[in-house]
There are 2 protein chains.
Amino acid sequence: MSERESTGFLMKQRAFLKLYLITMVEMKKGYALQMLDILQHDFKNLGYRPNHAEIYRSLDDLVEDGILYRVKKLQPNMNSKHKEVVYYHFVSDGGYEAAMRYKANVKTDLDRCIKILRKAVADNYS
Amino acid sequence: MSERESTGFLMKQRAFLKLYLITMVEMKKGYALQMLDILQHDFKNLGYRPNHAEIYRSLDDLVEDGILYRVKKLQPNMNSKHKEVVYYHFVSDGGYEAAMRYKANVKTDLDRCIKILRKAVADNYS
DNA sequence: TCATGAACATCTTGTTCATGG
DNA sequence: CCATGAACAAGATGTTCATGA
């Protein structure tokens, strides 16, 4: 949550995934592995395939940031067996607002990274 | 030198610096710390400040890749003392061609990364 | 088997130290 | 001090293992 100055090179995968997970929680896309499936599908043609551990770590970050909380639910599957899955919601006391601030910060970094990459194209290919 | 499939998230800083260093050797920008100064200056407003260790590691990579070789030269400074500095040149047997192939590969990755970031902007801000 | 994690390993990068002008 | 490295530490991420339903 600390608004640290972006002092490094390109943004970290973790921040990128937290951004997507916030948006997917807004859109109620499901539990962790379902969101992972969607991301793997959507980025397949861009050669990026996130893994499950990083998804869980990102969600855990968002919980520790005070943005999301977990709700365990029983989910019936096709074999009439029940499995417990974890859904995420914005914490009622400022979670959504914190999420929007986080997204705004990441937007700044996305724009910064795009500038760096476009500069590299301009500087090195002529 | 292996043309490995870009399987990860965004590109590594190392590849980014190797790209710039190749271009700067083409343009004869000087020795390592001079090139570092230029990069630090040019990316200052984008919040990116590479450090000297990563520059040396990138140059070492390019030497190990068979693209560059080192030439030590004595450089007089203002105090009439002499210091040995290291300049880099393309190896005569295919070094330049290998450098151009490397640059072409990085270009592909730069474009891929820009697509990923622009997709994130489109997907998460509306 | 799927879903959720933790634990472990590795790879990348940043920081500090060493050497020689 | 500068220039070049090496060595070490820290961080980020990938891989594997554990647990329960």
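So that the names make sense, note that chain A is the first sequence line, chain B the second, and so on, each numbered from 1. Note that the structure is a prediction, hence the values are computed from the model and not measured.
Counting heavy atoms from C-beta outward, B/Leu110 and B/Leu19 have side chains that approach closer than 4.5 Å. Looking at heavy atoms from C-beta onward, A/Ile67 lies out of side-chain contact with A/Val91 at the 4.5 angstrom threshold.
Note on A/Val63: it clusters hydrophobically with A/Met100, by side-chain heavy-atom contacts below 4.5 Å among ILVMFWY residues.
Counting only residues at least two apart or on different chains, the side chain to side chain donor-acceptor pair (under 3.5 Å) pairs with a member in residues 88-98 of chain A are A/Arg70-A/Tyr88. Legend: side chain to side chain donor-acceptor pair (under 3.5 Å) pairs involving residues 32-47 of chain A, not counting sequence neighbours: none detected.
Regarding A/Gln40, its CD atom lies at a distance of 11 Å from the P atom of D/dG14, rounded to whole Å. Rounded to whole angstrom, the span from the CD atom of A/Gln13 across to the C1' atom of D/dG14 amounts to 9 Å. Between the CG atom of B/Leu36 and the C1' atom of D/dC2 there is a distance of 13 Å, rounded to whole Å. Summarising the geometry, the separation between NZ on B/Lys12 and P on C/dT13 is reported as 7 Å, rounded to the nearest angstrom. Rounding to whole angstrom units, CG of residue A/Leu10 and P of D/dT13 are separated by 12 Å. Note: CD1 (A/Ile55) to C1' (D/dT15) measures 16 Å, nearest angstrom. The CZ-C1' distance, from B/Phe16 to C/dT12, rounds to 16 Å in whole Å. Here D/dT13 presents its P atom at 16 Å from CE of B/Met11, a figure rounded to the nearest Å.
Taking the six-membered ring for Trp, A/Phe16 and A/Phe43 have ring centres closer than 6.0 Å. Between A/Tyr69 and A/Tyr87, the ring centre distance reaches or exceeds 6.0 Å.
Each end of the helix from C/dT1-D/dA21 to C/dG21-D/dC1 yields a helix axis from five base pairs, and these two axes differ in direction by 30° (to the nearest 10 degrees).
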Pairs under 3.5 angstrom only: tabulate donor-acceptor contacts from the side chains of residues 114-126 of chain A to other protein residues two or more places apart or in another chain.
{"unit_1": "A/Lys119", "atom_1": "NZ", "unit_2": "A/Asp123", "atom_2": "OD2", "d": "2.9"}
{"unit_1": "A/Asp123", "atom_1": "OD2", "unit_2": "B/Tyr20", "atom_2": "OH", "d": "2.5"}
{"unit_1": "A/Asn124", "atom_1": "OD1", "unit_2": "B/Thr23", "atom_2": "OG1", "d": "2.6"}
{"unit_1": "A/Asn124", "atom_1": "ND2", "unit_2": "A/Ala120", "atom_2": "O", "d": "2.8"}
{"unit_1": "A/Tyr125", "atom_1": "OH", "unit_2": "B/Lys103", "atom_2": "O", "d": "2.6"}
{"unit_1": "A/Tyr125", "atom_1": "OH", "unit_2": "B/Lys107", "atom_2": "N", "d": "3.1"}

Self-check item: Reading 5' to 3' through nucleotides 3-8 of chain C, protein heavy-atom contacts under 4.0 Å coded B for base, S for sugar-phosphate only, - for none
Solution: SBB-B-
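Residues that satisfy the side-chain contact (heavy atoms from CB on, under 4.5 Å) test with A/Arg14, not counting sequence neighbours, are A/Lys18, A/Glu54, A/Arg57, A/Ser58, A/Asp61.
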